[in-house]
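Labels below follow one simple rule: chain letters A, B, ... track the order of the sequence lines, proteins then strands, and each chain is numbered from 1.
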Amino acid sequence: MTKILKVLKGTKDILPQEIDMWHFVEKKADEVFSKYGFKEIRTPIIEVTELFSRGVGDTTDIVNKEMYTFEKSDRSITLRPENTAGVVRSYIENGMSRLSAPVKLWYHGPMFRYERPQAGRQRQFHQVGVEMFGIKQPTADAEVILMAVNFLKSLGLNDLDVEINSLGCPKCREEFKNKLKSVLKPYLSELCEDCQNRYEKNPLRLLDCKVETCKEIFEKPEIQEVIHSDFICDECAEHYTELKLYLDRMGVNYSENKLLVRGLDYYNRTVFEIKSNNLGSQNAVAGGGRYDSLVNQLGGEPTPAIGFAMGMERLISLLPKKEPKKLDGYIVSNFQTDAFLFAEELRHHGLNVEIDLTNKKFTKQLEKASKIAKYAFILGEDEILKHQVSIKNLEKGTQITVDRANCIKMLDL
RNA sequence: GCGCCUGUCGUCAAGCGGUUAAGACCUCGGAUUGUGGUUCCGAUAUGCAUGGGUUCGAAUCCCAUCAGGCGCCCCA
């Protein structure tokens, strides 16, 4: 037997019966984000590898071990693992810094990360996200978080937890890193291998570790003291306080999580995550934050920016299932030419209509109609002779016979 | 990369060393020569992921391979 080919590990077909959910989320994103003045942008799925190693940061797992990278005529090309870097590239390349700030962009599309798939995690997955450029004030942070919450609400997702944190700026972060390193130093040999690595490369991410022995060490009072110390500088603290003030006034429920550290190197100051309790271990539906140095780092004028991304698969898995849409009409007839012509006429008037292509028996055609359509349009011998059509409401079982010419007028049924 | 679990029809499954490999849904055909969605009848796996082994006998036990799922890590 010929071998059956299957989808690649970690990828999935989005089948017709679930496509309505995707359209729903995309439409809501457009609706809600447009209300805040965001415009959609579509950037390529492939970019030069350097964009991600420079943009996302080469100490991150994403860049280190999760990228789909290949060589093509001497260039190293990568399937985008996230879209902030791509949007920033486009912002710079298209001179959007000359536009009046803020520049507000949103996107949706597939991303690729080479990881072991599990619940809520695929190798090809889809994100919907936003980026806002040019505003350094915490009003931008507040608007973006507020919009994220409102978008989720518009989908019917109300009971999600919003967590926020401030990572400070490069200056205060450096100080914090050093403090953390010095207090952890005595325990260095007891930490897990990953943590020992992180200790050198990115101490902030130590706090994310889930290994029990590491967690225990982090519980020690002198370490807790550093973790919970308000290390951020006055300016950063003011920014953070103002953000919280806005969120309070806007009625956004949130909790502060000092351990919330993003795995992407480009974040500074505000970071946030939105989590659900109904997702299993991959419980973040949204993650985002401020990245004030990224534009400059990628060769643009220094431009403050903030954004977030949401996992579409995770969002959709939280939504109630939608019933598949039914066809407006199904033509039931053994006169195929007439059926064709009449179906076309109905289609020209905007209806979704199918006809039987195999000339099945009347009862079979009606049975099919009842399964997939709201109305059966019956064209039998009588109707053909009199230029009529019998319209049967398949839910109620009622039926009327009318002139075919009039039928069009009555189609607001 | 590491741990755990699982592979029986298109789908969901029963099966626990000897069965004709249940059942349900879907699909198709018929009862019903112009009235469906409720009813009734019938069809559909020489086959239990693949390859070895144990046994008189394997879907059932063992090993390997492959595939899928879940968890760690990380993230959306």
Provide the distance between the two [atom1] atoms, one in [N] and one in [M], to the nearest whole Å.
N     : M     : atom1 : result
B:U54 : B:A59 : C1'   : 16 Å
B:C28 : B:A14 : P     : 27 Å
B:G15 : B:U60 : C1'   : 8 Å
B:A49 : B:C9  : P     : 8 Å
B:G17 : B:C4  : C1'   : 27 Å
B:G47 : B:G68 : P     : 24 Å

A:Arg123 to A:Tyr114 six-membered ring, cation-pi geometry met (6.0 Å, 45°):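 So A:Arg123 does make the cation-pi contact.
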Under 4.0 Å, counting only non-hydrogen atoms across every strand here, what does [X] touch: a base, just sugar-phosphate, or nothing?
X        : result
A:Glu395 : base
A:Lys9   : sugar-phosphate
A:Glu313 : nothing
A:Gly397 : base
A:Asn334 : nothing
A:Ile378 : base
A:Ala369 : nothing

Donor-acceptor pair under 3.5 Å, A:Gln399 side chain vs B:U35 base: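 When only heavy-atom distances are counted, A:Gln399 does reach the base of B:U35 through a donor-acceptor pair under 3.5 Å.
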Donor-acceptor pair (no angle test) under 3.5 Å: A:Gln282 side chain, B:G71 base: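 There is none.
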Return the pairing partner of [N] with a 3.5 Å limit on both distances, Watson-Crick or G-U wobble; otherwise return none.
N     : answer
B:U38 : none
B:G3  : B:C70
B:A43 : B:U27
B:A58 : none
B:A64 : B:U50
B:U32 : none

Passing candidate, ring pair (Phe, Tyr, Trp, His ring centres under 6.0 Å) with A:His126, options A:Trp22, A:Tyr107, A:Phe112: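 Result: among A:Trp22, A:Tyr107, A:Phe112, A:Trp22 is the only option passing the ring pair (Phe, Tyr, Trp, His ring centres under 6.0 Å) with A:His126.
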Less than 3.5 Å apart, any donor N or O on the side chain of [X] or [Y] sitting next to an acceptor on the other?
X        : Y        : result
A:Glu131 : A:Tyr291 : yes
A:Asp265 : A:Thr60  : no
A:Tyr240 : A:Glu256 : yes

Ring-ring centroid check A:Phe377 A:Tyr330, cutoff 6.0 Å: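 Distance test on ring centres: not under 6.0 Å, no.
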Under 4.0 Å from OP1 or OP2 of [N]: is there any side-chain N or O of [X] that close?
X        : N     : result
A:Gln118 : B:G69 : no
A:Lys361 : B:G30 : yes
A:Lys6   : B:C66 : no
A:Lys360 : B:U27 : no

Side chain of [X] (C-beta onward), nearest among [options]:
X        : options             : value
A:Arg116 : B:G37, B:G34, B:C72 : B:C72
A:Glu383 : B:C70, B:G34, B:A67 : B:G34
A:Lys364 : B:C70, B:G36, B:G29 : B:G29

Atom-to-atom span, CD of A:Gln17 to C1' of B:U11 - whole angstrom: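 After rounding, the gap between these two atoms is 11 Å.
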Nearest-angstrom distance from the residue atom NZ of A:Lys371 to C1' of B:U38: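 Computing the A:Lys371:NZ to B:U38:C1' distance gives 13 Å.
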Check: A:Ser76 main-chain N/O paired with A:Thr49 side-chain donor or acceptor under 3.5 Å: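 Yes; judged by distance alone, with no hydrogens or angles, the pair exists.
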Anti/syn call for B:G47, syn if |chi| within 90°: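 Judged by the O4'-C1' to base torsion, B:G47 sits in syn, the angle falling within 90° of 0.
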